Q: 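Sharing a structure, written as structure tokens. Questions coming.
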Amino acid sequence: MGTRILAVEDDERIREAVTLALEDEGWTVEGAASGEAAVEAFERHPADVVLIDIMLPGIDGFELCRTIRRNSDVPIVMVTARNDTHDIVAGLEAGADDYLTKPFQSKELSARIRALLRRIRPAQLGHERLVFGDLELIPEEGKVLQGGEEVHLTKTEFRLLCELALNRGKVFSREELLDRVWEYDYFGDGRLVDVHIRRLRTKVESDPANPRHVVTVRGLGYRLQA
Amino acid sequence: MSGSTVDADTLEPAATEPPERVVGSGDGADLTPSRRWLRVFPRRPGPLGLRRRILLIFTLGALGLATFLSFTTYGLVRSNLTTQRDRASLDRAYRNATQVVRELRDEERPTMDPALDALEANGTQDFVLRFRGQWSAPNGEFGEQSIPPSLRRRVLDDDTDARMIAVVNGRTVVVVGTSLPEIQGAYFEFFSLEEDNQTLSNVALSLLLAATITTGLGVLVGVLAARRAVRPVADASEAAKAIAGGRLDTRLTPTEDPDLGVLATSFNDMASALQLRVERDARFASDVSHELRSPLMTLSASVDVMEARRDEMPERAQAALDLLVSDVARFRGLVEDLLEISRFDAGAIRLHLEDLQVSRFVRNAVAVSSAPGLIVTSTTRAERAIIAGDRRRLARVVANLIDNALAYGAGEPDVRIEDANPPDERMSHVKIAVEDHGPGVPVEERALIFERFARGASAGRRSGSEGAGLGLALVDEHIRLHDGRVWVEDRSDGEPGARFVIELPAREPIDFVGASTEAGQEDLA
């Protein structure tokens, strides 16, 4: 049994074609025609990756994203017909890990899925705990403690934090983070990094508006500090 | 490919050549500050403009009114003054003459002393008295010879009373002469006019001043009135310009003036109608391309599935599949372009600007284009140039130029990064040029090819498998948004072929000296 993908798409033809194409790439695909059906399918049998079309009747893609995120850190790829900033940022803020715009090529989608799954197994971090003030990373267990209490991060958020923690004090550019966390080339979308940093801050910072740990270095990028 | 590598130095002369045809620079871009200033006060050739006409009317009106009032006032004052003075001097002269007669009527002695004493007693000085053929003048200034001969004749010979104005000893005086037959004499008295003249000239001076001030005020009011009258027109003109420039939500502020309110209202109605229409058109294009995305998604995914099984297909099916694959890709590009251009039309494009090292950016952009193997050459100075750009949008610009060159350019194009400024000048711009080996673009079509779906007269020659599409129109829009310019010219080496040049604002990098990694850097999140 290979990696299972839950593809949520209301257009039957697209769902069928994408299912065929993804099965060709070697994934096991389960289709869902609506948000409600997707929630039910996911509860019955959690998938390894969820593909969500934003424009859904009933529960829309954003809402579905949030619903799944409440109980799961499964990688979510959002599919949008509009590459307007608003939709993309809203989708990422709802908890999506990455996005694609229609029409995408199945190879492209497969590459994204592979990158997401690799993200689940973080880079070789060693065994020691990494401590940044009241923030503590336990790479082995995939855990983050803030003031001694466990913080729940998605895989991508955890991976992002680990990359920042790897080289203590180093400033990472958006480009570097896109490459290391998302495996994007030079033309990756910087908004992915920005929104994930924002999401990360709401979880690990006591005052997300004035971050102490995940700080912006203007014109250069981001850095993790104690 | 080594043949396409150009030594950095040989590019220098080309970098300073002026562009032949500039596309992508807005109307206002070439305005120098002084010309921009002139636009505020437009020069009007031929007939006078409304503003000048109003000013002229006010000025002439004020001048005419002031002149008329001044002259009238002066005339009135003068005639009043003269009348008063005449009456006063006549009264006084007659009174004095009567007194002289009274004093001398019964005088037996040939002396005038009683009369002189009497006159001296009431303060009269400037007089000449004749009594029984003898003259007497107590004041040295006026004597018998001071009396104008004509007056003297009339008084002495004709026995009439008379007066006249004369200049005596350099002073303007009125001389009143009275014949006194009872005492066989005559009485002349001199009244100075100096004081009156002084008064009159003071009045004239005041009036002149008042007239000048009035005229000045007239001019001032004229300027204000003209500005006020023209302001709604100027506002409307500014607003129309703004709308033409793409700011469709520009409106005139409503005014309470009923005359001008009509202008503002109808202008705003027109602008709203225009905006609605433009937005509807843009939304339509956007909706169309969104609607097309769904079937395209199905097509694209299905084609992927078929392509994976290409080897299992008969030859004819393979050929058909190849056509399908390439045209689905083309279709996809067209839909993307259409959507992008509708975003431009709706003014919905927001650039994500970041500092990009131009050479690194161009090499990466070429690597993801349809000809990833192209060699990019650069001058040493331009190599390090930094541009502020939206990297994904600019990458499409480069990709579009490369696609264009591949479609029309006969073979692989050269991609070059060049200085836009002479070596001794500060860097302000950098050029990215794509040169092909095709037939080139005729001068008269150089602006046209940046139009949407443009097909020039030489379309037959230029049209390859790819349609003209929106590629170059998008290049133009993107570059314009980056405050840059794009144009097409002849190849720099004189060989046949087109050279598409993008010029973007750029600067030389600031070298950081390790400061960026130090702890305690500012946090401006």
Side-chain angles (χ1 to χ4, degrees), chain A residues 9-25 53 55 79-86 101-109 169-171 173-175 185-191 194 197-198 201 208-212 214-223 225-226, chain B residues 286 289-309 325 328-329 331-332 335-336 339-340 343 346 348-352 354-356 360-365 367-368 390-396 399 510 512 515-525:
Chain A
E9 164 67 65
D10 63 313
D11 187 320
E12 196 186 329
R13 290 154 190 274
I14 296 180
R15 197 170 63 241
E16 271 181 37
V18 169
T19 303
L20 286 173
L22 284 178
E23 281 172 352
D24 263 15
E25 299 279 332
D53 183 24
M55 306 274 256
V79 178
T80 163
R82 310 176 172 257
N83 40 5
D84 300 346
T85 294
H86 173 77
T101 41
K102 273 186 200 171
F104 52 81
Q105 285 189 295
S106 40
K107 282 194 185 62
E108 205 183 334
L109 174 58
K170 177 180 168 359
V171 181
S173 67
R174 281 191 186 82
E175 220 178 290
D185 61 13
Y186 185 78
F187 295 104
D189 187 347
R191 288 173 297 186
D194 296 341
I197 290 278
R198 211 145 69 211
R201 279 179 182 153
N210 298 296
R212 277 181 47 224
V214 186
V215 297
T216 307
V217 182
R218 212 156 94 109
L220 295 171
Y222 297 102
R223 184 181 57 193
Q225 64 184 26
Chain B
S286 161
S289 34
H290 276 133
E291 285 301 315
L292 289 176
R293 278 175 176 230
S294 292
L296 253 181
M297 184 69 243
T298 312
L299 279 177
S300 178
S302 306
V303 160
D304 285 347
V305 173
M306 286 163 80
E307 220 185 351
R309 288 163 184 75
V325 168
V328 164
F331 191 13
R332 199 158 76 171
V335 168
E336 286 302 316
L339 192 65
E340 186 79 354
R343 262 188 227 122
I349 299 265
R350 284 229 309 276
L351 294 180
H352 295 275
E354 45 188 335
D355 283 353
L356 306 172
R360 185 155 177 256
F361 158 75
V362 173
R363 292 200 170 90
N364 275 294
V368 297
D390 183 319
R391 68 170 86 187
R392 281 139 68 86
R393 289 212 151 85
L394 285 183
R396 292 191 64 172
I510 303 157
F512 285 104
S516 58
T517 52
E518 266 174 37
Q521 277 285 105
E522 89 274 48
D523 178 23
L524 296 157

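The chains referred to below are lettered A, B, ... by the order of the sequence lines, with proteins before strands, and numbering in each begins at 1. For clarity, every value in this text was computed on a predicted model and none was experimentally measured. We use all heavy atoms of the structure for the numbers below, so side chains are in, but hydrogens, waters and symmetry mates are not.
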Q: Residues in side-chain hydrogen bond (donor to acceptor under 3.5 Å, both in side chains) with A/Asp189, at least two apart?
A: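 Listed in chain order: A/Tyr99, A/Arg191.
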
Q: Answer with side chain, backbone, both or neither: which region of B/Arg391 has an atom nearer than 4.5 Å to a non-hydrogen atom of chain A?
A: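 Its backbone and side chain both get close to chain A.
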
Q: Taking NZ, NE, NH1 and NH2 as the nitrogens, is one of them in A/Asp24 or B/Arg309 under 4.0 Å from a carboxylate oxygen of the other?
A: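 Salt bridge present between A/Asp24 and B/Arg309.
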
Q: Contact part of B/Asn364 toward chain A, heavy-atom cut-off under 4.5 Å: side chain, backbone, both or neither?
A: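 B/Asn364 touches chain A through backbone and side-chain heavy atoms alike.
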
Q: Charged N to carboxylate O under 4.0 angstrom, B/Glu307 versus A/Lys107?
A: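 Answer for the salt bridge query: no.
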
Q: What part of B/Ala367 lies closer than 4.5 angstrom to a heavy atom of chain A: side chain, backbone, both or neither?
A: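 Looking at B/Ala367, nothing touches chain A.
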
Q: Which of parallel (below 30°), tilted (30 to 60°) and perpendicular (above 60°) describes A/Tyr186 and B/Phe361?
A: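 Because their plane-to-plane angle lies in the 30° to 60° range, the rings of A/Tyr186 and B/Phe361 count as tilted.
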
Q: Non-hydrogen atoms of chain B under 4.5 Å away: do they reach the side chain of A/Glu12, the backbone, both or neither?
A: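 When you check distances to chain B, no heavy atom of A/Glu12 falls under 4.5 Å.
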
Q: Among A/Ile14, A/Ile197, A/Thr19, A/Val18, which residue forms the greatest number of heavy-atom pairs with chain B at distances under 4.5 Å?
A: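 Heavy-atom pairs under 4.5 Å are most numerous for A/Ile14.
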
Q: What distance do A/Lys170 atom NZ and A/Gln225 atom CD have between them, rounded to the nearest 0.5 Å?
A: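 Taking NZ in A/Lys170 and CD in A/Gln225, the distance rounds to 15.0 Å.
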
Q: Checking heavy atoms, do the side chain of A/Phe104, its backbone, both or neither come under 4.5 Å from chain B?
A: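 Both backbone and side chain.
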
Q: Any chance CZ of A/Arg13 has more than 12 other-residue heavy atoms, nucleotides or ligands included, within less than 6.0 Å?
A: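 Counting neighbours around CZ of A/Arg13, 12 or fewer heavy atoms of other residues, nucleotides or ligands fall under 6.0 Å, so no.
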
Q: If you count heavy-atom pairs within less than 4.5 Å of chain A, which of B/Val335, B/Val368, B/Val303, B/Asp355 leads?
A: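 Highest number of pairs under 4.5 Å: B/Val368.
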
Q: Pick one of side chain, backbone, both or neither for B/Ser294, based on which atoms fall under 4.5 Å of a heavy atom in chain A.
A: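 Both parts, heavy atoms under 4.5 Å.
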
